[in-house]
Each structure stands twice: as structure tokens, then as C-alpha cells.
Amino acid sequence: MEGALVLGGGPAGAAAAIWLARAGRSVTLWERERLPAHRICGEFLSWEAQTFLADLGLDPEALGAVAIDRVRLVTARRVATARLGFTARSLTRRVLDAALLELAAKAGARVERGVTAREIGPGGEVQAAHGSVKPDTLFLATGKTNLRGAARDAEGTLNHQLGFKAYLRLAPAERAALAGHVELILFRGGYAGLQLVERDAANLCFLVSPDRWRACEGDFGALLADLSAEVPHLGQRLAGAVPLLDRPLAISGVPYGFLHRPSGAETLWRLGDQAAVIPSFSGDGMSLALHSARLATAALLTGQGPHAYHRQLAKDAGGAVRRATLLQRLSEEDALRDGAAALLALMPGLVGLAARFTRLSAGAVRRARLA
Ligand SMILES: Cc1cc2nc3c(=O)[nH]c(=O)nc-3n(C[C@H](O)[C@H](O)[C@H](O)COP(=O)(O)OP(=O)(O)OC[C@H]3O[C@@H](n4cnc5c(N)ncnc54)[C@H](O)[C@@H]3O)c2cc1C
């Protein structure tokens, strides 16, 4: 196959296809979902992610995104609020991913939906139901999914939790209290993010220990009741809430802390979660995905290989991934959770500091945009 093949049409794959097509390269993208689909994601668009989206010509506000400028840290006994220091946006992935793929097609990429890559052979040939192709350049952007023949070289350092996501219609008073905030709710064995998305729905996305899920006998309603009993603030938010999906989305084994180690021999370009997985609370996974797509396509277009790209990405993202993973690990310590909220109540400026340490640096983002 002449040109580049991108496997996966999430933010990383779609952005890579857009940048390559706009540079006049021949590019095909395979996305396994035939139609736009929901994703397990807090749907918090950081300042950095919005910057890359603006470069791509995508305006989340025009798609209905809501603005968020405060964070509320909630534990069993405390609630502390602080300014984020920037205006984040919140937009469902179903809308965002579809808009990005539409931009890719408009830019001239061949976007093929409903095509699942099954395996990558030792010579770089990619197998799908309709046969096998061998592209000149192969981008792997399949997110958390490991593809046969191209599995990650490590499984992350924090991958024991289960992830869930539900959309809810909150009671009017709770919706009003949540507006403009992302609530980070810490509990035994995990944490939740709660924020409004477009059309006045609320996104409740959380990680929980398998023990806690088992203790609730795999019943999602019982799990929410259990979490609400521990954190009354969550119980108050969920009182009278109506679920908007038939059932919640679930995921296991997310390899948080994974960072691809570049090896001299590689020919594959790993993007987004295939290159690095940053803990979700940082709200920077999509930014990292877009950042990786920008770096990789710039490297390809300037005649560099995947090794140089992976080294640069590890340099840009490694520190943030490691620090965010450490913080996520610490948040699992009972004694530290309430302490964190108490500290935040006294020193709200700590939010900015924590965000700086657990996200890509402004300098790295600036350099990638200029690459
Ligand atoms: C619980 C949780 C909460 C999160 N919250 C946030 C947040 O609030 N903000 C934030 O910025 N990030 C968040 N993230 C991280 C963010 O979702 C990811 O980092 C981001 O989606 C990575 O983008 P990607 O393009 O690499 O992969 P994905 O978005 O996962 O996209 C991969 C695409 O590849 C397709 N695909 C998979 N396998 C194949 C195949 N074999 N063939 C063809 N197509 C395939 C999939 O259908 C999908 O469309 C969260 C993650 C989790 C788990």
C-alpha cells in the first residue's frame, strides 16, 4: 500500500491523519467502529488539548462543549474548591472523535470505518477481515487495545483498577452546583471525576478496586450506593439522578504509567495510549495523544524515523507520566486523601502546582506545535 496507514481513529490517529493529509501525503485510516461510539473517558479537555485542537481547526465550543474553570476536591470528610488557572472544556468523545474523523476526511485522508486491524506481521503487513496490506509507513493508534504482533513492551506500573463511565441527568439543583466545576472525588480504592458535558448531561467516570466491585457483587447500582455511603457529597449529587445509557461502560487493566521505550530497530510509529498512558485524573490523556500525533507527523515529514520521534515523546511526557502515576498511587493511601483536601482548602494555589507536575509542560507543547 502506497503511503501511510493509521490504525485507530481516536484523537491520536485522527490528528495524525489530518496533519499528514494536509501536508499532501497519501494516508488511509482504519477505525473499527462503524459509527461514532461512546468511550470511557472523563472528557475533560485541558488547555493543552484545546491548543492542539485549535491548530487542527476544531472548535469544541462550536460543538457544544461546556466551560470548566474550577476544580472541587472531595473526600469522605472534606470539600475544597480552587481555580484551575485556565478554562477547560468538556465534550463527549462521541462528538469529538466524529468531528476529528470528519476533518481527516475533508483534508483528503481515506477514512475507512468498520475496519478492524487483527494483527501486524513481522514484516509490517497488517491483517484485516478483507485481507492484508503492507503500508510504507504504519501508525499504531489503537488506544488501550493491544494488537497481536505489536503488543506493548510493558503493561504499565498501575493497572489493577476497573474503570466505569455513566452519563446521568442530575437533579436541577445538583446540576447548577456542578456547573463550571470538575469534581475529583477520592474514595477507598479509587476516585471519580464528575463534570457536565453538552446537553446538560453529567459524565461520571471512575476507577475502583476490583475488591470493591466484587463486594458489590458486580452490581453497578450497589457500587454507586456504596461509594455514596462513603462520600456523602457524591450521594447528594446522585440523589434523583437519571441514567442516560442503558448500562455503564466498563474497562479493566488500563496500563497507567506505561511509557514506550524506544529501540533502534523499530519501524512502527506508536501514537497516544500506544506510546504513553498518563493517569486519568491529570485530564491530559487526549493532550498527550494529540501531542504524539503532532511530533510523529512532523518527524516523518522532516525525514526522521520512529526512533527519534519516540525518544522525543519519552522526553516530553516521561516526567509527567511518572509523577502523575506516583500521585495516583498516593491517593490510594487512606491517610493522605483527607490531608490532600485539607491542604487544598488552605492553599488553593496548589492546584496549579499539581497540574504543572502531572501534565505536559507548556514548553514541550510549544515546541511540538512549531515542529
Ligand atoms: C477512566 C478514564 C478517564 C479518562 N479521562 C480523561 C479526561 O478526562 N481527559 C483526557 O484528556 N483524557 C482522559 N483519559 C485518557 C484518554 O481517554 C486517552 O488518553 C485518549 O483517548 C487516547 O487517545 P488515543 O487516540 O491514543 O486512543 P483512543 O481514544 O482509545 O482511540 C483508539 C481508537 O482505535 C480504535 N481501535 C482500537 N483497536 C482497533 C483495531 N484493531 N483496528 C482499528 N481500530 C481500532 C478504537 O475504536 C478507537 O477509536 C481517560 C482515560 C480513562 C481510562
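Here the structure is a predicted model, which is why all the values come from computation and not from measurement. First listed ligand is number 1; within each ligand, the first listed atom is number 1.
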Subject >> Donor-acceptor side-chain pairing of Ser90 and Gln195 below 3.5 angstrom >> reply: yes
Subject >> Numbering as shown, the atoms of ligand 1 that approach Leu147 to under 4.0 Å (heavy-atom distance) >> reply: 41 (N)
**OP:** Please indicate whether any nitrogen or oxygen in Arg39 is less than 3.5 Å from any nitrogen or oxygen in ligand 1.
**Re:** yes
**OP:** Name the option, out of Leu290, Val115, Thr142, that contains the heavy atom nearest to atom 43 (C) of ligand 1.
**Re:** Val115
Subject >> Proximal atoms of ligand 1 relative to Gly272 (non-hydrogen, under 4.0 Å) >> reply: 26 (O)
Original post:
Okay, side chain of Asp219, backbone of Ala222: is any donor-acceptor separation there less than 3.5 Å?
Top reply: yes
**OP:** Using heavy-atom distances, let me know which of Ala12, Ser292, Gly163, Gly8 sits nearest atom 24 (P) of ligand 1.
**Re:** Ala12
Original post:
For atom 26 (O) of ligand 1, which candidate among Asp273, Leu7, Leu162, Val254 holds the nearest heavy atom?
Top reply: Asp273
Original post:
Salt-bridged, Arg169 to Glu174, with N to O below 4.0 Å?
Top reply: no
**OP:** Return the orientation label for the Trp30 and His130 ring planes: parallel under 30°, perpendicular over 60°, tilted otherwise.
**Re:** perpendicular
Original post:
Would Arg294 count as a cation-pi partner of Phe52, with NZ or CZ less than 6.0 Å from the six-membered ring centre and within 45° of the ring normal?
Top reply: no
**OP:** Report yes if the distance between the aromatic ring centroids of Phe164 and Phe220 is under 6.0 Å, otherwise no.
**Re:** yes
**OP:** Would you mind checking which non-hydrogen protein atom is closest to atom 42 (N) of ligand 1, with the distance to 0.1 Å?
**Re:** Ala117 N, 3.0 Å
Original post:
Polar-atom distance check: Thr116 versus ligand 1, any N or O pair below 3.5 Å?
Top reply: no
Original post:
So among Glu43, Glu61, Glu48, which one has a salt bridge (Lys or Arg N to Asp or Glu O under 4.0 Å) with Arg89?
Top reply: Glu61
Original post:
Angle class for the His260/His310 ring planes (parallel below 30°, perpendicular above 60°, tilted otherwise)?
Top reply: perpendicular
Subject >> Any N or O of Glu43 closer than 3.5 Å to N or O of ligand 1 >> reply: yes
Original post:
So is Asp97 polar-close to ligand 1, meaning N/O to N/O under 3.5 Å?
Top reply: no
Original post:
Where the closest heavy atom to atom 3 (C) of ligand 1 is concerned, which of Ala150, Gly42, Gly283 has it?
Top reply: Gly42
